[in-house]
Amino acid sequence: MVGGAEGDIENSLHSFSMAVVINGLMLVTQLFTYGVLVWHKRTSAISAPKLLHAERPSRYHALWGWAVKAWHRRRRLYKEDLDATVVLRVCVLGIKFSAAGSVLSSILIPIYSAGRGDTEGFNNFHLSNLEHNSERFWVIIVAAYILAGLFLHLVAVEWQNFLVLRKQHFYRLACGSFGASAAQAQRSILVELVPQNRRAQDGSGVRRFFEEELFPEHGVQCCVLHADTRQLHKDPAALLRGAGLT
């Protein structure tokens, strides 16, 4: 029986080691593949369309070159691309949560291994190794509440950061940091169901209505009339062309 138990433990550890090695090799393969996609001229246009040709990593640094480039551009990314910033911050949130779980695991695993359950092999480091009437269950419950509370806290903090980032992003757009068309878009509105007597082709009727009823004189820079707004979905640039911004 002792020999059988030792064999089960050895097999469990061997399976765990093989899983670590296989997942590690898959990670390296994926990183190398992505590095090649970023380095190659044709595929980089799809995998990294905003990356300039001169900034692409060389083929000799395909494994980690893209990560170095991304690290150097992180401040620029925070200022220019709000969507990508949010995605990266969510990834960082996941790393923080995983790190907290790893710290708690360093406390829970010794408790599991000290249990007197009837498990064998690698399951000795599992919750199932504790007896049903064990006095150590309270530690697992506290750890679960800690993880749940930490996750809610991280999400709440991240939401507050997002509100700040969005405000800063809109402010930079309105100041013209990303061009005149982006700045104008922050001050543009779409008006539907325009009355018949205001539907002049040059937009003067709608513009006159806004200047007379809502805004002071010269408060409207331009006004573009589209008889069918559904056409804007097919050609969104038509609005900018009509406003003289493209």
Can you tell me how far the [atom1] atom of [X] sits from the [atom2] atom of [Y], to the nearest 0.5 Å?
X	Y	atom1	atom2	result
I109	L104	CD1	CG	11.0 Å
L93	N161	CG	CG	10.0 Å
L165	R89	CG	CZ	5.5 Å
L147	S98	CG	OG	10.0 Å
H169	D83	NE2	CG	7.5 Å
R166	Q168	CZ	CD	12.5 Å

For L108 and V139: C-alpha separation, side-chain torsions, deciding distance, then whether side-chain contact (heavy atoms from CB on, under 4.5 Å) applies. CA-CA 8 Å; L108 295 177; V139 181; 3.9 Å; yes

Please list, chain by chain and in numerical order, all residues satisfying ring-ring contact (aromatic ring centres under 6.0 Å, His included) with W138, sequence neighbours excluded. none

Restricting to ring-ring contact (aromatic ring centres under 6.0 Å, His included), what partner residues turn up for Y171, sequence neighbours left out? none

Quick one, W159 and L163 - any side-chain contact, counting heavy atoms below 4.5 Å? yes

Any side-chain heavy atom of I22 sitting closer than 4.5 Å to one from M26? yes

Please find the pair of heavy atoms, one from S105 and one from P110, that lie closest to each other, and give the distance. O-CD, 4.1 Å

Which heavy atom in F97 sits nearest to a heavy atom in L154, and how many Å separate them? N-CD1, 4.1 Å

Give a yes or no on whether F151 atom CZ has more than 12 heavy-atom contacts from other residues, nucleotides or ligands under 6.0 Å away. no

